[in-house]
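Every number for a ligand or one of its atoms is a count from 1 in the order of the listing.
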Amino acid sequence: MSEATYTEAPVVLDVRGVTAGYGGEPIIENVSLQVRKGMITAIVGPNGAGKSTLLKAISGVIKISSGQVMVLDHDCTNLAPEKLVRRKLAYVPQVANTFPDLTVRENLEMGGYTRRSGLTQRIDELCELFPDLKASRRRKAGALSGGQRSMLAMARGLMLDPEVMLLDEPSAGLSPIFQSALWEQIEKVASTGVGICVVEQNTRRSLRHAQWGYVLVLGKNRLDGPASKLLHDEEVIDLYVGRMS
Ligand SMILES: Nc1ncnc2c1ncn2[C@@H]1O[C@H](COP(=O)(O)OP(=O)(O)OP(=O)(O)O)[C@@H](O)[C@H]1O
Ligand SMILES: [Mg+2]
């Protein structure tokens with residue numbers, strides 16, 4: 001995709017100079033990024049760079065001390081997570097993102113609990129989008145494979161028709177074949193018009209699937225650009241991305 005096509009897509013999430021942490025020194029400082037409709041934006045950077053912290057700050061899990069988070073035209077800075085969901089932002093944390101004792105269908109129902117109508121229809125739509133879940137509707141989430149559970153967590157996040165979805169390491173711990181299947185699903189979700197912001201350990205793979213990438217180092221923006229350019233930038237690979245498969 002050309003850079004022009006990317007920049008023509010509307011911005012659905014605009015993070016402007018956000019500083020946040022856990023009470024002591026800030027962990028992320030003055031971080032800005034944009035996520036566009038139907039596009040995949042990857043955040044990459046070394047361990048401990050503050051990638052997960054950034055997602056937590058955007059999604060209202062930790063407090064932002066300065067800066068702004070805009071979802072569409074709404075200022076959503078420091079909104080509680082349950083309010084952000086209503087503002088069309090879904091956050092899928094890396095752990096504890098499904099209820100293991102509930103069935104797949106029950107997990108999806110929980111994800112859509114504030115829907116006024118169309119619960120069953122939405123579940124049906126998501127089962128079409130995630131065929132693996134359709135076959136497992138009546139199974140307990142705890143009995144699913146890692147890849148299926150990750151898909152369920154994404155589907156739960158989609159129950160309230162978000163415009164933006166934040167994914168923290170969705171393919172962590174999956175074998176390469178399951179990682180491929182998961183990325184296929186992420187691309188499918190983006191093609192339905194959702195703007196996706198994904199943090200991944202496997203930076204090379206995430207830049208392969210993303211349209212835009214941000215490199216975060218020591219809690220600060222280092223650089224950003226078309227993912228394909230970052231992927232082939234020798235300096236970026238050596239310094240921040242690493243030469244992994
Ligand atoms: N709950 C917490 N309380 C205090 N400090 C924390 C907490 N969680 C993370 N940190 C600190 O914030 C910094 C950034 O951590 P974070 O988890 O955001 O990095 P990351 O880029 O997601 O790393 P990784 O690639 O390993 O997942 C680290 O120094 C970490 O020790
Ligand atoms: Mg992390």
Show the distances, to 0.1 Å, for all pairs joining an N/O atom of ligand 1 and a protein N/O atom that are shorter than 3.5 Å, listing one pair per line.
unit_1   : atom_1 : unit_2 : atom_2 : d
ligand 1 : 8 (N)  : Tyr22  : OH     : 3.3
ligand 1 : 18 (O) : Thr53  : N      : 2.9
ligand 1 : 18 (O) : Thr53  : OG1    : 2.5
ligand 1 : 19 (O) : Gly50  : N      : 3.3
ligand 1 : 21 (O) : Ala49  : N      : 3.1
ligand 1 : 21 (O) : Gly50  : N      : 2.9
ligand 1 : 21 (O) : Lys51  : N      : 2.8
ligand 1 : 21 (O) : Lys51  : NZ     : 2.8
ligand 1 : 22 (O) : Ser52  : N      : 2.9
ligand 1 : 22 (O) : Ser52  : OG     : 2.9
ligand 1 : 23 (O) : Gly48  : N      : 2.8
ligand 1 : 25 (O) : Asn47  : ND2    : 3.2
ligand 1 : 25 (O) : Lys51  : NZ     : 2.7
ligand 1 : 25 (O) : Gln201 : NE2    : 3.3
ligand 1 : 26 (O) : Asn47  : ND2    : 3.0

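- A 4.5 Å side-chain heavy-atom check between Leu223 and Leu230 finds at least one atom pair inside the cut-off.
- Arg137 has a carboxylate O that lies under 4.0 Å from a charged side-chain N of Asp124, or vice versa, which qualifies the two as a salt bridge.
- Residue pairs meeting the side chain to side chain donor-acceptor pair (under 3.5 Å) criterion with at least one member in residues 163-172, sequence neighbours excluded: Ser52-Asp168, Glu169-Gln201, Ser171-Glu200.
- With values rounded to the nearest 0.5 angstrom, Leu167 atom CG is found 8.5 Å from Leu55 atom CG.
- Here 1 is the count of protein N, O or S atoms positioned under 2.8 Å from the Mg ion (ligand 2), waters not counted.
- Among residues at least two apart or in separate chains, side chain to side chain donor-acceptor pair (under 3.5 Å) pairs with a member in residues 80-100 are His74-Arg87.
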Exercise for the section: Check the pair Ser32 / Tyr214 against side chain to side chain donor-acceptor pair (under 3.5 Å), numbers first and verdict last. Expected result: CA-CA 9 Å; Ser32 297; Tyr214 287 85; over 6 Å; no
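- Between Gln68 and Val18 the shortest side-chain heavy-atom distance does not fall below 4.5 Å.
- A salt bridge between Asp132 and Lys134 is absent, with no side-chain N of the basic residue lying under 4.0 Å from a carboxylate O of the acidic one.
- With contacts defined as side-chain heavy-atom distances shorter than 4.5 Å, the pair Val85/Leu89 does not qualify.
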